[in-house]
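What follows is one structure encoded as structure tokens, with my remarks underneath.
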Amino acid sequence: MSLKSFCLGVIATLFFLLLASCSSPPRVYSNEDPEAVFSSFTTFAFQEKLGTDRAEYTSLLSQFLKTAVTREMNSRGYKQVEDNPNLLINFYVETKEKIKSTSTPAYGGYYGYRPYGTWGGYAGYETQITQYTEGTLTIDIVEVGRDQLIWEGTLVDRIYGDQAENLRLRVEQAVQSLYIKFPYRAGE
């Protein structure tokens with residue numbers, strides 16, 4: 001194998017690793033109260049003032065979350081009611097600006113300063129700085145009778161510009177991913 005073939009192979013591998021890291025799946029976590037009797041719950045409602053609402057009005061984000069969560073809860077047999085629900089649901093969203101630095105070996109000419117010759121020498125490290133936005137969505141489910149948080153699901157993912165433009169679709173995908181971790185059905 002020639003040095004040129006080897007270098008091209010390394011570059012191609014690094015490119016595909018970089019591409020794969022850009023499209024990593026969201027991280028999804030869930031926790032539950034071990035004392036909760038999930039089989040006794042059949043109804044739900046949303047907290048009067050949601051964590052995603054504005055002080056003066058209900059946000060579009062809250063509306064999209066309510067629609068997506070209602071769909072997931074209904075598909076599991078839960079019914080949304082206005083009076084005396086078993087469960088109350090609330091949402092929280094947080095975004096953070098993050099900085100990631102990546103250092104990779106750089107290769108150059110002989111000792112890194114001669115652009116000619118047959119030997120590609122080591123030329124130090126090349127550092128790339130990336131700034132991005134990370135979003136966290138948390139859904140809380142509270143047992144009304146005990147006023148106790150019984151399940152929480154959290155999704156953490158990188159937010160790209162086109163996702164913010166299609167918020168409804170992104171919310172639906174996030175809620176579906178979270179509800180994979182909610183294995184319960186009403187009355188079971």
Side-chain angles (χ1 to χ4, degrees), residues 21-100 129-188:
S21 71
C22 290
S23 60
S24 62
R27 298 181 312 274
V28 179
Y29 311 96
S30 71
N31 292 293
E32 62 186 60
D33 178 358
E35 295 179 22
V37 183
F38 283 90
S39 61
S40 65
F41 308 128
T42 58
T43 61
F44 74 97
F46 293 99
Q47 190 77 32
E48 187 175 329
K49 191 68 174 166
L50 297 169
T52 52
D53 283 343
R54 303 281 189 239
E56 311 81 36
Y57 56 88
T58 301
S59 69
L60 285 175
L61 176 60
S62 290
Q63 292 174 41
F64 297 154
L65 283 165
K66 286 169 95 173
T67 299
V69 167
T70 299
R71 184 176 15 258
E72 291 296 326
M73 294 296 281
N74 288 341
S75 73
R76 289 164 174 76
Y78 295 92
K79 292 185 180 182
Q80 185 175 2
V81 297
E82 296 202 19
D83 295 324
N84 302 317
N86 303 127
L87 305 171
L88 279 179
I89 300 175
N90 201 353
F91 318 113
Y92 300 95
V93 171
E94 179 182 19
T95 58
K96 291 181 182 178
E97 293 300 314
K98 297 266 191 153
I99 296 176
K100 178 181 178 181
I129 305 293
T130 307
Q131 183 175 354
Y132 62 95
T133 303
E134 181 180 83
T136 302
L137 166 64
T138 300
I139 298 176
D140 287 350
I141 300 180
V142 174
E143 181 182 344
V144 174
R146 293 189 305 146
D147 200 24
Q148 174 71 39
L149 178 67
I150 61 168
W151 186 86
E152 68 177 351
T154 301
L155 180 138
V156 181
D157 199 5
R158 201 173 202 172
I159 299 173
Y160 298 95
D162 61 334
Q163 292 171 334
E165 292 174 11
N166 196 351
L167 183 60
R168 182 186 309 242
L169 176 62
R170 183 67 178 129
V171 165
E172 288 174 5
Q173 292 169 340
V175 169
Q176 283 176 345
S177 295
L178 274 171
Y179 268 83
I180 289 171
K181 299 276 189 170
F182 186 79
Y184 304 102
R185 297 194 55 78
E188 292 180 10

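Just so it is clear, the structure is predicted and the values come from calculations on it, not from any experiment.
- Here the straight-line distance linking atom CZ of F64 with atom CD of E172 works out to 9.0 Å at 0.5 Å rounding.
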Take L65 and V175 through the test side chain to side chain contact (heavy atoms under 4.5 Å, CB included) and record every step on the way to the result. CA-CA 8 Å; L65 283 165; V175 169; 3.9 Å; yes

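- Separating the CD1 atom in I141 from the CZ atom in F41 is a distance of 9.5 Å, to the nearest 0.5 Å.
- For residues 174-187, the side-chain hydrogen bond (donor to acceptor under 3.5 Å, both in side chains) pairs, not counting sequence neighbours, are E32-Y184.
- More than 12 heavy atoms of other residues, nucleotides or ligands lie within 6.0 Å of NZ in K49, so this atom counts as buried by the packing criterion.
- Closest of all the heavy-atom pairs between Q148 and D33 is CG-OD2, 3.5 Å.
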Step-by-step side chain to side chain contact (heavy atoms under 4.5 Å, CB included) determination, E134 to R27: CA-CA 11 Å; E134 181 180 83; R27 298 181 312 274; 3.3 Å; yes

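- N84 has its side chain out of reach of T43: every pair of non-hydrogen atoms, C-beta onward, lies at least 4.5 Å apart.
- Here the shortest heavy-atom pairing between S62 and D53 reads OG-OD1, 2.6 Å.
- In this structure the side chain of V69 reaches within 4.5 angstrom of the side chain of F91, judged on heavy atoms.
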Run the numbers on E97 and T133 for side-chain hydrogen bond (donor to acceptor under 3.5 Å, both in side chains), then give the verdict. CA-CA 5 Å; E97 293 300 314; T133 303; 2.7 Å; yes

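- When all heavy atoms of I159 and T95 are compared, the closest pair comes out as CD1-CG2, 3.9 Å.
- Taken to the nearest 0.5 Å, the CD1 atom of I139 stands 10.0 Å off from the CZ atom of F182.
- N86 places none of its side-chain heavy atoms less than 4.5 Å from the side chain of V144.
- Contact of the D157 side chain with the R170 side chain is registered, since non-hydrogen atoms from C-beta on lie closer than 4.5 Å.
- Looking at heavy atoms from C-beta onward, N74 lies in side-chain contact with F44 at the 4.5 angstrom threshold.
- Of the possible donor and acceptor atoms, none in the side chain of D140 sits under 3.5 Å from a partner among the backbone N and O of E152.
- Minimum heavy-atom separation, L155 to A174: CD1-O, 3.7 Å.
- Of the N and O atoms on the side chains of N31 and Y29, not one donor lies less than 3.5 Å from an acceptor on the other residue.
- For the pair T154/T136, a side-chain contact is recorded, criterion being any heavy-atom separation below 4.5 Å from C-beta on.
- Under the 4.0 Å criterion applied to side-chain N and carboxylate O atoms, E72 and R76 are assigned as salt-bridge partners.
- Note that CG of L137 is 11.5 Å distant from CD of E94, once rounded to the nearest 0.5 Å.
- One distance of note links CG of N90 with OG1 of T138; it measures 10.0 Å at 0.5 Å rounding.
- Contact annotation: the side chain of V28 never approaches that of I180 to less than 4.5 Å [non-hydrogen atoms, C-beta and beyond].
- Counting only heavy atoms from C-beta outward, the side chains of L167 and L61 approach each other to under 4.5 Å.
- Of all non-hydrogen atoms in V81 and A45, the two that sit nearest each other are O-CB, 3.4 Å.
- Of all heavy-atom pairs between Q63 and T58, the closest is NE2-O, 3.8 Å.
- In terms of modelled atom types and a separation under 3.5 Å, the side chain of T42 and the main chain of A186 share no donor-acceptor contact.
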